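The sequence lines fix the lettering, A, B, ..., with proteins before strands; numbering per chain opens at 1. Values in this document were obtained by computation on a predicted structure and should not be read as measured data.
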Number of protein chains: 2
Amino acid sequence: MHPRILDTLKRNQLSITDSRKKILEMFLQRKGALAHADIEQQSGEEFDRVTIYRTLQTFVEKGIIHTIPSADNSVRYALCKDDCSEGHHHDNHVHFMCDQCGTTYCLDHVTVPSVALPVGFLVSQVDVVVSGTCLKCQ
Amino acid sequence: MHPRILDTLKRNQLSITDSRKKILEMFLQRKGALAHADIEQQSGEEFDRVTIYRTLQTFVEKGIIHTIPSADNSVRYALCKDDCSEGHHHDNHVHFMCDQCGTTYCLDHVTVPSVALPVGFLVSQVDVVVSGTCLKCQ
DNA sequence: ATTATTTTGCAACAATGTTGCATTTATGTA
DNA sequence: TACATAAATGCAACATTGTTGCAAAATAAT
Ligand SMILES: [Mn+2]
Ligand SMILES: [Mn+2]
Ligand SMILES: [Zn+2]
Ligand SMILES: [Zn+2]
């Protein structure tokens, strides 16, 4: 078991359960983003679908994972950096989705550029999603 | 009926049907973005759900509308500028989603900044979605 | 007007997401 | 460790969203 699992759950005052340990481990191992369907497949019949939905929701609320917007009606989730906290995400990095293999990357070191909006718009968050071909697929 | 409707459909070699005329009119009138659900509601029982799905898909393929990614599992659609063509979108403007009223704006005059990715990533499209509070909601 | 082509509506289905509630599991305390 | 309390899970039932095949209807071409 990945060493950070218990730590992360405790730090967020979440009870230690099989599903939370297993799902969190998936994120820690893969490093890339996961959709609900990925988790359901990988965990086989181990957990109920509903449990996966609730676990993902809890993790998002606690700032353990964040969502990545997409144009294909399938939200993906990825690990947050350690400094995200409950109700306070600040994963202001760029995301990349590969058109070929479908992999979604968190480009932690590419910060989102600042965009100047017309007066009257109050910005609270900027999401940048880049699509194209990833390293492995060329 | 909006003057551009017949023009747009003909230019894209689409047969003139009631659903296409009506749905295109919605986009021309509202100017903002529409989700599938919005169209279904606004058109009442006039068209079958399936027809709306297929019409939106056709319009996207022809470059009449474009999709706007979101993190809430509900893709929105908005009119393309006239210079989009079949399989060749270039709506490289920023989108804004209001947290309060839910309205999605195409900020046609705010172009997406260029992002420098690590070597190995081949960029084909950049989507910038800003969220916050819009003009009307402050 | 007639024919050929395209689009539509319907039905049936698949996938995705939500809620209430009884049961199980985890946690805190004695 | 055993017990009481609190929390999470699984299940069922349901709602919403999206897909596909095909016959009927509408549109376009001749
Ligand atoms: Mn990320
Ligand atoms: Mn737009
Ligand atoms: Zn790839
Ligand atoms: Zn607003």
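- The distance from the CG atom of B:D127 to the OG atom of B:S70 is 11.0 Å, given to the nearest 0.5 Å.
- No side-chain donor-acceptor contact under 3.5 Å links B:R20 to the backbone of B:T55.
- Aromatic ring pairs are classed by plane angle as parallel below 30°, tilted from 30° to 60° and perpendicular above 60°; the pair A:Y105 and B:F121 is perpendicular.
- Taking atom CD of residue B:Q41 and atom C1' of nucleotide D:dT17, one finds them 14 Å apart after rounding to whole Å.
- Remark: A:S19, A:R20 in residues 19-27 of chain A come within less than 4.0 Å of DNA chain D through at least one heavy atom.
- At distances below 3.5 Å, at least one donor-acceptor pair connects side-chain atoms of B:E25 with backbone N or O atoms of B:H2.
- Between the CD1 atom of A:I39 and the P atom of C:dT16 there is a distance of 13 Å, rounded to whole Å.
- A straight line from CZ of A:F47 to P of D:dG10 spans 7 Å, rounded to a whole angstrom.
- In this structure, CG of A:D38 is placed 15 Å from C1' of C:dA15, rounded to the nearest angstrom.
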**Report entry** Contact state string [nucleotides 17-30 of chain C, B base, S sugar-phosphate only, - no protein heavy atom under 4.0 Å]
**Finding:** BBBB-----SS---
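- The residue among A:E46 and B:E40 whose nearest nucleotide of DNA chain D lies closer to the 5′ end is A:E46.
- Taking the side chain as every heavy atom from C-beta outward, B:R54 and B:S19 never approach each other to under 4.5 Å.
- The only member of A:V110, A:L107, A:V94 that meets side chain to side chain contact (heavy atoms under 4.5 Å, CB included) when paired with A:V128 is A:V94.
- Under the 6.0 Å cut-off for aromatic ring centres, A:F27 and A:F59 do not qualify, their centroids lying 6.0 Å or more apart.
- In this structure, B:F59 places its CZ atom 12 Å from C1' of C:dT7, rounding to the nearest Å.
- Not a single donor-acceptor pair under 3.5 Å links the side chain of A:S131 to the backbone N or O of A:M97.
- Taking atom CG on B:D48 and atom P on C:dA11, their separation rounds to 9 Å, with Å as the unit.
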